[in-house]
2 protein chains.
Amino acid sequence: MAQSADRLGRYLEDELGSCCDEDVQQRLTELESLGEGLHGLDVLSALANETRYRLVRALVATDGELCVCELNALSDVSESGLSHALSKLADAGLVASRTEGRWKHYRATTRAVALVTVLDGTFDE
Amino acid sequence: MAQSADRLGRYLEDELGSCCDEDVQQRLTELESLGEGLHGLDVLSALANETRYRLVRALVATDGELCVCELNALSDVSESGLSHALSKLADAGLVASRTEGRWKHYRATTRAVALVTVLDGTFDE
DNA sequence: AGTACAGTTGAATACTCGCTCAACTGTAAG
DNA sequence: CTTACAGTTGAGCGAGTATTCAACTGTACT
C-alpha cells in the first residue's frame with residue numbers, strides 16, 4: 001500500500017504541477033469511498049453461469065411460469081443440479097416460485113427482466 | 001433425457017387432461033428454443049467478481065476517467081492482478097482506456113453504466 | 001547511452017464453485 | 001399404510017478461475 005501511495009503521489013504531481021502528502025492522503029480517502037457498495041454482486045454471481053443464465057432467459061422469454069419439469073428440458077444438468085440452480089436464483093431475487101400440488105412453478109422477477117433486457121440492449125449499438 | 005420427457009409427459013397430462021407423445025415432443029422443441037441465446041454471459045462473468053465489480057462501480061461513480069494508479073488505491077490486489085482485471089473488463093466491453101505518456105486512464109463504457117444503474121435500481125423497490 | 005517507472009503478460013498456485021450422487025421431505029393415489 | 005413421484009438438501013469431487021510472482025515492453029528523464 002505504501003508503494004501504491006508513492007505512485008499516486010507522482011501521478012498527482014504530474015497532474016497538479018505540485019503535490020504534497022496531504023493531497024495524496026485526501027485523494028486516497030476519496031478513492032476508497034468509491035470502492036464501497038458491493039450491492040448487487042451476489043445477483044451478478046447468480047446470473048453469471050451458463051445453466052442459471054439459460055434458465056432466467058427462458059423464464060423471461062416465456063413471460064409467465066414454467067414448471068420445474070419444463071425447465072429440466074432446457075437445462076443439461078441433473079434434476080438435483082437444476083434444483084440447486086433455481087435455489088441460488090431465488091436467493092438472488094431473480095426468480096420466484098409457486099407450489100401447486102406436487103408441481104412447482106417458477107417465474108422471472110422484475111429484476112431478472114430488467115437485467116436481461118438491458119444486457120440485450122447493449123448489443124444493438 | 002428420457003426420464004425428464006416422461007415427467008414432462010405426466011405434467012402435460014395433468015395440465016391438459018389428456019396428452020399424447022406428440023404433445024410432449026412439440027413442447028420439448030418449444031422449450032429447447034427458449035434455451036438459446038447466451039449473449040451477455042461473458043459480460044456477466046466479467047462483472048461477477050468483487051475486484052472487477054468494485055473497479056467498474058468506481059469508474060461509473062466517477063463519471064470520467066481514473067488512472068491505473070488511482071484504481072490501484074481502491075482494489076486490494078497486486079498491480080499485476082489489477083492489470084488482469086482491467087484487461088478482462090475491457091474484453092467484455094465494460095471499460096475503455098486511453099494512454100497518455102506512461103499513464104493509462106480507464107473509463108466506464110455505456111454498457112457498464114447501464115448495467116450498474118439497472119442493478120442499483122432494482123434494490124429501491 | 002543508462003536508469004527509473006507505468007503497466008502488461010504468462011506460468012504456477014490456491015481457491016472457489018458447479019455438478020453429481022445419495023438420502024431426504026412432502027404430496028397424491030391405490 | 002404403502003407406493004410412486006416432484007423436488008430439495010448436503011457432502012464430496014473435479015474443473016475453472018483469481019491471484020501472485022517473475023520477466024517483459026514501452027515511455028520519460030538525465
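Quick note: numbers below take in every heavy atom, side chains included, and nothing from hydrogens, waters or symmetry partners. Note on naming: letters A, B, ... go to the chains in the order of the sequence lines (proteins, then strands), and numbering restarts at 1 for each one.
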Between the first and last five pairs of the helix from C:dA1-D:dT30 to C:dG30-D:dC1, the angle of the axes, rounded to 10 degrees:
30°
Ion pair present between B:K88 and B:D42, side-chain N to carboxylate O less than 4.0 angstrom?
no
Which part of the nucleic acid does B:G101 contact within heavy-atom distance under 4.0 Å: base, sugar-phosphate only, or nothing?
sugar-phosphate
Nearest whole Å is fine: how far is D:dA6 C1' from B:D6 CG?
14 Å
Mapping A:Y11 and A:T51 onto DNA chain C by nearest heavy atom, which one lands closer to the 5' end?
A:Y11
Report yes if the side chains of A:L89 and A:Y106 come closer than 4.5 Å at any heavy-atom pair, otherwise no.
no
Considering just the side-chain nitrogens and oxygens of A:R102, establish if one lies under 4.0 Å of OP1 or OP2 belonging to D:dG7.
no
Identify whether any heavy atom of B:S45 sits under 4.0 Å from a base atom; if not, whether one sits that close to sugar-phosphate; answer base, sugar-phosphate or nothing.
nothing
Nucleotide D:dA23, atom P - distance to CD of B:E79 in whole Å
16 Å
So, OP1 or OP2 of D:dT20: does either fall under 4.0 Å of a side-chain N or O from B:S78?
yes
D:dT9 pyrimidine/purine six-ring stacking with A:H84, under 5.5 Å and 30°
yes
Whether A:T122 side chain and B:R111 backbone form a donor-acceptor pair below 3.5 Å:
no
Examine D:dA4: is either OP1 or OP2 under 4.0 Å from a nitrogen or oxygen in the side chain of B:R10? Give yes or no.
no
Passing option when B:E100 is tested against B:R98, B:K104, B:R102 for salt bridge (charged side-chain N to carboxylate O under 4.0 Å, His left out)
B:R98
Would you mind reading off the distance between B:L71 atom CG and C:dT8 atom P, rounded to a whole angstrom?
10 Å
Separation of C:dC19 atom P from A:L82 atom CG, nearest Å, is 10 Å
Between B:Y11 and B:R27, is there a cation-pi geometry (under 6.0 Å to ring centre, at most 45° from the normal)?
no
When A:L71 is tested against each of A:L55, A:V95, A:T62 for side-chain contact (heavy atoms from CB on, under 4.5 Å), which residue passes?
A:L55
Distance-only donor-acceptor test, A:S80 side-chain atoms vs D:dT9 base atoms, 3.5 Å
yes
Spacing of B:N72 atom CG relative to D:dT19 atom C1', expressed in whole Å
14 Å
A:L8 has an atom CG; how far is it from atom C1' of C:dG7, in whole Å?
16 Å
Starting at CZ of B:R7 and ending at C1' of C:dA28, how long is that distance when rounded to a whole Å?
16 Å
Base, sugar-phosphate or nothing for B:S87? Non-hydrogen atoms, less than 4.0 Å.
nothing
Give the rounded distance in Å between these two atoms: CG of A:L55 and C1' of D:dG7.
15 Å
Name the closest nucleotide to the A:K104 side chain, picking from D:dA6, C:dG7, D:dG7.
D:dG7
Backbone N or O of B:S45 within a donor-acceptor pair of the B:R52 side chain at under 3.5 Å?
yes
Checking contacts here: which listed nucleotide (C:dG18, C:dT8, C:dG7) is nearest the side-chain heavy atoms of A:R52?
C:dG18
Of all heavy-atom pairs linking B:V77 and B:N72, the shortest is O-OD1, 4.0 Å
Does a nitrogen or oxygen in the side chain of B:K88 sit under 4.0 Å from OP1 or OP2 of D:dA18?
yes
For the side chain of A:W103, counting heavy atoms from C-beta on, which of D:dG7, C:dC19, C:dT9 is nearest?
D:dG7
